[in-house]
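Structure first, then comments.
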Amino acid sequence: MPGSSIIDDLTARGLLQDATDLEALRRRLDESPIVLYCGFDPTATSLHIGSLLPLLVLRRFQEHGHRPIALAGGATGMIGDPSGRSAERNLLDDATLDANVQGIVAQLRRFLDFDRSGNPARLVDNRDWTAPLSAIDFLRDVGKHVTVNQMLAKESVKARVESESGISFTEFSYMLLQANDYRWLHEHERCELQIGGSDQWGNITAGIDLIRRTSAQHVHGLTFPLMTKADGTKFGKTAAGAVWLDPALTSPYEFFQYWINTDDRDVRRFLLQLTLLPVEEVEAVVAAHTAAPDAREAQRRLAREVTTLVHGADACREAEQASAGFRRPAGELSADELAALAGEIPTTALARPEVEGVDVVDLLVRTGLASSRSDARRAIEGGGVNINDERQAAPRPVEAADLLHGRYLMLRKGKKHRHLVVVE
RNA sequence: GGGUCGGUGCCCGAGUGGCCAAAGGGAACGGGCUGUAAACCCGUCGGUUCUGCCUUCGAAGGUUCGAAUCCUUCCCGGCCCA
């Protein structure tokens with residue numbers, strides 16, 4: 001198997017946006033396994049699904065025999081990458097950053113194989129070599145090799161320089177730190193390829209230039225297109241916020257639902273880029289879906305694949321069951337089925353006096369389904385509120401008879417916003 | 001440091017003494033149509049004990065019967081000059 005088949009695979013999946021010298025990279029990959037890296041920003045305690053794509057590309061490389069390094073940007077995270085940003089970032093403090101790095105490192109572990117013989121994955125934190133660097137060392141060893149002219153020419157910087165609010169020196173310097181990461185990994189880990197989203201192009205080439213100037217070595221860079229959605233909304237964001245990989249922040253059920261709701265126009269690309277399914281299989285699924293779009297098979301397959309990848313097969317099965325449970329009205333579900341739903345969908349446990357005799361309006365607020373009592377009232381007036389899947393025409397107190405099996409209450413606002421109340 | 005322009009609801013953005021809880025757009029939410037898709041149509045979108053009352057237009061004071069709109073000071077940002 002030629003090493004460059006990974007390139008063909010990435011191409012077939014539409015994952016190749018730019019590469020520094022694709023032919024040279026192919027030749028290099030054919031020669032012998034390569035060490036490559038990709039950076040992940042610890043901007044939160046968890047990664048979100050935007051990181052799925054780079055994570056899986058690393059994984060694809062590893063399955064082709066190459067050695068991936070996942071870099072947690074503990075140092076660069078303190079600076080803030082200006083790429084794709086219109087405004088200055090807030091700086092994170094040490095403690096927050098520590099917690100964030102810890103969180104994402106645990107997640108990175110799930111996607112790569114650290115024990116694989118021959119090409120085990122590695123995990124690094126750029127604080128290890130960046131923190132000890134003095135300002136003077138940095139200016140002499142990195143800054144000296146780069147002209148401000150080149151830096152200003154980078155798209156990420158140019159956009160911000162021309163913007164109203166400008167760019168701080170701190171963020172301006174970001175690309176030098178990333179360039180230094182690449183150089184460090186090149187020197188210490190023999191890393192020869194950096195990958196990233198297309199917004200990382202400027203940062204990646206900065207590293208390549210730095211390596212060439214300081215060691216006359218030619219290394220590679222490769223980017224993939226940023227995830228977009230057909231309807232123009234931001235990938236990975238819902239009304240509730242980001243879709244996280246951490247099950248405590250986004251439950252497997254919510255995660256599963258995110259993919260189930262995928263637009264027809266996006267589903268093929270997502271299957272190709274966010275799952276490990278072979279390309280031919282994706283095409284077969286897509287063909288079936290085109291023939292019978294109302295069956296939503298492609299969305300279901302996508303949801304299954306991605307949820308299993310992130311949360312495991314068991315969690316995925318439970319999520320899918322919860323998702324399917326809604327085909328029947330809540331009133332028909334057994335006590336066991338409702339119990340299984342608890343925790344899977346948004347759930348609130350309340351004492352009996354907090355439910356019985358309490359107005360639906362207050363319960364909607366209590367569960368977060370409505371932001372205020374006015375909001376709750378308006379939702380009821382608009383015909384959007386259901387108790388146990390029965391539409392409520394007007395506000396009313398909840399009665400003991402409403403409690404399914406004596407302790408469950410299924411509140412629903414609109415088609416998709418469900419909340420289970422459990423009486424303790 | 002000087003000058004100048006600006007800071008309005010989730011975002012953009014109109015408003016420049018009463019008719020302003022504040023135009024318009026976007027996002028969001030609800031309803032309808034659907035396939036848990038898209039498009040489209042309709043409605044809602046500060047709070048509330050709801051034809052009223054309360055809180056809001058960077059912050060604090062002031063003028064006025066009445067201020068998002070005028071004045072003062074302060075804070076923050078853009079641009080120009082030094």
Side-chain angles (χ1 to χ4, degrees), chain A residues 85-90 159-168 171 228-243 250-271 285-286 288-304 306-307 316 319-330 341 344-346 358-362 364-387 389-395 397 410-419:
Chain A
R85 288 250 161 185
S86 55
E88 192 78 9
R89 295 199 186 202
N90 296 320
R160 287 281 296 280
V161 166
E162 286 163 7
S163 79
E164 266 191 13
S165 46
I167 179 169
S168 68
E171 289 197 12
T228 56
K229 291 208 303 176
D231 62 6
T233 57
K234 215 167 168 180
F235 174 77
K237 287 275 197 283
T238 66
V243 181
T250 300
S251 76
Y253 162 74
E254 292 167 306
F255 189 87
F256 189 89
Q257 287 301 106
Y258 180 81
W259 302 108
I260 281 286
N261 288 323
T262 301
D263 193 312
D264 284 358
R265 293 169 291 178
D266 292 325
V267 76
R268 175 172 178 273
R269 197 161 37 93
F270 287 5
L271 277 166
V285 171
V286 171
H289 179 258
T290 310
D294 53 308
R296 305 181 65 74
E297 266 315 313
Q299 277 88 347
R300 194 158 298 118
R301 190 64 191 272
L302 173 69
R304 255 184 227 144
V306 184
T307 308
C316 176
E320 186 168 1
Q321 270 162 15
S323 174
F326 300 139
R327 301 243 173 80
R328 286 181 294 150
L341 241 36
E344 203 61 46
I345 69 169
V358 172
D359 202 284
V360 195
V361 168
D362 294 302
L364 286 167
V365 175
R366 183 71 186 260
T367 55
L369 241 27
S371 59
S372 66
R373 306 191 71 225
S374 301
D375 188 35
R377 281 211 186 82
R378 283 191 292 257
I380 293 173
E381 278 169 33
V385 173
N386 292 264
I387 294 179
D389 291 312
E390 279 171 37
R391 180 174 286 188
Q392 301 300 305
M410 178 68 79
L411 289 173
R412 178 159 63 88
K413 192 182 93 173
K415 282 177 223 169
K416 296 177 185 173
H417 296 272
R418 289 169 180 280
H419 200 107

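Everything numeric here is computed off the predicted structure, so don't read it as measured data. First the proteins, then the strands, lettered A, B, ... as listed; each starts at 1.
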Checklist entry - What is the nucleic acid contact for A/R373, judged by heavy atoms within less than 4.0 Å: base, sugar-phosphate only, or nothing? => result sugar-phosphate

Separation of the [atom1] atoms in [N] and [M], to the nearest angstrom:
{"N": "B/G3", "M": "B/G52", "atom1": "P", "result": "47 Å"}
{"N": "B/C75", "M": "B/G13", "atom1": "C1'", "result": "24 Å"}
{"N": "B/G9", "M": "B/G43", "atom1": "P", "result": "26 Å"}
{"N": "B/U48", "M": "B/A59", "atom1": "P", "result": "22 Å"}
{"N": "B/U56", "M": "B/G1", "atom1": "C1'", "result": "36 Å"}
{"N": "B/A27", "M": "B/C41", "atom1": "P", "result": "12 Å"}
{"N": "B/G26", "M": "B/C71", "atom1": "C1'", "result": "36 Å"}
{"N": "B/G47", "M": "B/A21", "atom1": "P", "result": "16 Å"}

Checklist outcome for this item: The side chain to side chain contact (heavy atoms under 4.5 Å, CB included) partners of A/P395 (sequence neighbours excluded) come to A/D359, A/V361, A/I380

Checklist outcome for this item: Those residues at least two apart in sequence (or on a different chain) that pass side chain to side chain contact (heavy atoms under 4.5 Å, CB included) with A/V285 are A/L271, A/A298, A/R301

[N] [atom2] sits how many Å from [X] [atom1], rounded?
{"X": "A/D375", "N": "B/C10", "atom1": "CG", "atom2": "C1'", "value": "13 Å"}
{"X": "A/K229", "N": "B/A37", "atom1": "NZ", "atom2": "C1'", "value": "11 Å"}
{"X": "A/L364", "N": "B/G30", "atom1": "CG", "atom2": "C1'", "value": "12 Å"}
{"X": "A/R301", "N": "B/U36", "atom1": "CZ", "atom2": "C1'", "value": "20 Å"}
{"X": "A/R391", "N": "B/G31", "atom1": "CZ", "atom2": "P", "value": "6 Å"}
{"X": "A/R377", "N": "B/G31", "atom1": "CZ", "atom2": "P", "value": "19 Å"}
{"X": "A/D389", "N": "B/U36", "atom1": "CG", "atom2": "P", "value": "14 Å"}
{"X": "A/N386", "N": "B/G31", "atom1": "CG", "atom2": "C1'", "value": "12 Å"}

Which base sits across from [N] as a Watson-Crick or G-U pair, both distances under 3.5 Å?
{"N": "B/G1", "answer": "B/C81"}
{"N": "B/C70", "answer": "B/G62"}
{"N": "B/G30", "answer": "B/C42"}

Item to check | Qualifying residue for side-chain contact (heavy atoms from CB on, under 4.5 Å) with A/H289, from A/D294, A/L302, A/D264 | outcome: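 Exactly one candidate clears the test, A/D264.
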
Checklist entry - Can any side-chain N or O of A/T307 pair as donor or acceptor with the backbone N or O of A/R304 at less than 3.5 Å? => result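 Not at all, since once roles are kept as given, no pair shorter than 3.5 Å links the two residues.
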
Item to check | Check: B/U36 base within 3.5 Å donor-acceptor of A/Q257 side chain | outcome: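 Indeed there is one.
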
Checklist entry - With nearest nucleotides of RNA chain B determined for A/Q299 and A/G414 from heavy-atom distances, which residue corresponds to the more 5′ nucleotide? => result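 Whichever sits nearer the 5' end wins; that is A/G414.
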
Next on the checklist: Test: salt bridge (Lys or Arg N to Asp or Glu O under 4.0 Å). Region: residues 250-259 of chain A. Which pairs qualify, not counting sequence neighbours?
Outcome noted: none

Checklist outcome for this item: For residues 368-381 of chain A, the salt bridge (Lys or Arg N to Asp or Glu O under 4.0 Å) pairs (sequence neighbours left out) are A/D362-A/R373

Next on the checklist: Closest approach to the side chain of A/S371, judged atom by atom: which nucleotide of B/G47, B/C29, B/U36 is it?
Outcome noted: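 Of the options given, the side chain of A/S371 lies nearest B/G47.
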
Next on the checklist: Counting only side-chain heavy atoms from C-beta out, which of B/U36, B/G35, B/G30 sits nearest to A/I260?
Outcome noted: B/U36

Item to check | nucleotides 38-46 of chain B: protein proximity per nucleotide (B base, S sugar-phosphate only, - neither; heavy atom, under 4.0 Å) | outcome: S-----SS-

Checklist entry - Listed by chain and number, what are the salt bridge (Lys or Arg N to Asp or Glu O under 4.0 Å) partners of A/R391, not counting sequence neighbours? => result none

Next on the checklist: Centre-to-centre under 6.0 Å for A/Y253 and A/Y258, is that the case here?
Outcome noted: no

Checklist entry - When you check the phosphate oxygens OP1 and OP2 of B/G30, does a side-chain N or O of A/R412 lie under 4.0 Å from one of them? => result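 No, A/R412 has no side-chain N/O under 4.0 Å of OP1/OP2 on B/G30.
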
Item to check | salt bridge (Lys or Arg N to Asp or Glu O under 4.0 Å), paired with A/D389, selected from A/R412, A/K415, A/R328 | outcome: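 Exactly one candidate clears the test, A/R412.
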
